[in-house]
Amino acid sequence: MIQEKKEECGLFGIFGDAEAVQKTYFGLFSLQHRGQESAGIASTNGEFIQCYAGMGTVKRVFRSGSQVLDKLANSAAIGHVRYSTTGSSSYINRQPFLSEYSRGQVAVAHNGNLINASLLRDEYEAYGSIFKSTSDTEIIIHLLAKPSHVAKPDTLAHVLNHLQGSYCLLFLFPDRIEAARDPYGIRPLCIGQTDNGAFVVASESCALDATEARFVREVEPGEIVRLDKDGLSSRFFVKPASIKPAHCIFEHVYFSKQNSTIFGENVHEFRKKLGRQLAIEHPVEADIVTPIPDSGTSAAVGYSEQSKIPFDMGLVRSHYVGRTFIAPNQKSREMAVKVKLAVVKEAIAGKRVVVVDDSIVRGTTTRGKIQTLWQAGAKEIHMRVSCPPIRFPCYYGVDFPTKEELLANNRDLDQIRDFLGVDSVGYTSLEGMLSSTSLPADHYCTACWSGEYRIPVDTVVNKYALEHYQMFMFDEPPDTYE
Ligand code: SF4
């Protein structure tokens, strides 16, 4: 995969563990693939909440290691890694958001995208509310603090019923964590437990493995899970199973980590199935199958298994070139891409090559990689993509380019083949992809391929919808305690 589609935040929370902060730190590391723009941890000792957050990766924000971690209160914690889907990549939008209202302190971390964020914010601003960020997450705190909501027997359940769109949320109060998932279950969220009995919630099960917690179950769509001194309790803010789920199948195709189990299925195994399906739908005679690493790798294994064409690493990825690699001109950018994804000439020269990627968005970077494979002496190149052509934008938390920028928008397969400069191109069909799922096909969102949006989107949803004024950040403030 080359960074054309962006991850959309990762969550980790743990209650009742003397090493809650340290475990959150490692949990966030394992979720780093879900966002590298900012990172933060909010923690409590049962009396008050502290928060430390900043811009960049977990490694960068917590670069002073134990000097920071040891200062944070340590019996429960929530953590967040961010990629912005509403609100710019800015210091003011880092999470968790720590606030104080009439009931005391609360810290909030969010994965997803609220499609009614603009409407809610307009409503609150009309009554004089002041927002300190341009992220949709801050609106949730205003909803929580509204006196008429505070007066409800279950304020949180009441608040969640005001939200539309995709959300997994972690709320840290001094005495508890509350974790909630939207009624469609669009983004993944699971529960684990450590050997000492502490409960953990995380976006993906890979974070449970990293913190030696065992997988218990997923948070159900429309469920609130409460972690406190009495253990785990559950309640629903919508009637259980009253809404058909719309799990984001793109989590399986690209976002989630191969060793995670989400929506009841291991990600690596699912991607291999997509690769096998791809080989059935688009066979070709070739000498090697090579992935665009890393996210195309599992599907390439599946393609190779099904087609009996040997798997080989024609491209290798450098994990030391981050997305913040600064490339001041076109030549430098081309060199940066070459460093990030290098060709193994010996594997490619004189060969008929099947190149497998998980998906193609704009296609410009894929075309660049194809050119380098030709330069390395490939005899034939056949592009295979393990999901259908992406033709529609996502309003539920994935930062795709505009519809006009999508390669498959208004292009047929021949035009895509010509654009990429390959001998042939083939995508796994929508039916083929859905036949690979373990849950019923209608339990998944497929809107970016089909254009069928399960949650109607009737307002303008874009990343900068809440940025009425241009904010100038001349300097990035240091990572801070609050
Ligand atoms: Fe996932 Fe695509 Fe649906 Fe967005 S539109 S939630 S990326 S399946």
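Residues: numbered from 1 along the sequence shown. Keep in mind the model is a prediction, meaning the values are calculated, not measured. Just so you know, ligand 1 is whichever comes first in the structure, and atom 1 is the first atom listed for that ligand.
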Atoms of ligand 1 under 4.0 Å from any heavy atom of R187, numbered from 1 in the order shown, are 6 (S)
State whether the side chain of E269 and the backbone N or O of K272 hold a donor-acceptor pair below 3.5 Å, judged by distance alone.
no
Side chain R271, main chain S298, donor-acceptor under 3.5 Å
no
Which of the protein's N, O or S atoms come within less than 2.8 Å of atom 3 (Fe) of ligand 1, not counting waters?
C445 SG
Any H252 heavy atom less than 4.0 Å to ligand 1
no
Does the N116 side chain pair with the main chain of L119, one donor and one acceptor, at a distance under 3.5 Å?
no
Distance check, rounded to the nearest 0.5 Å: I390 atom CD1 versus L407 atom CG?
10.0 Å
Closer than 4.0 angstrom, basic N to acidic O: yes or no for R276 and E305?
yes
Can the ring centres of F12 and Y25 be said to be less than 6.0 Å apart?
no
Can you spot which of E265, E251, H252, E204 makes a side-chain hydrogen bond (donor to acceptor under 3.5 Å, both in side chains) with S260?
E204
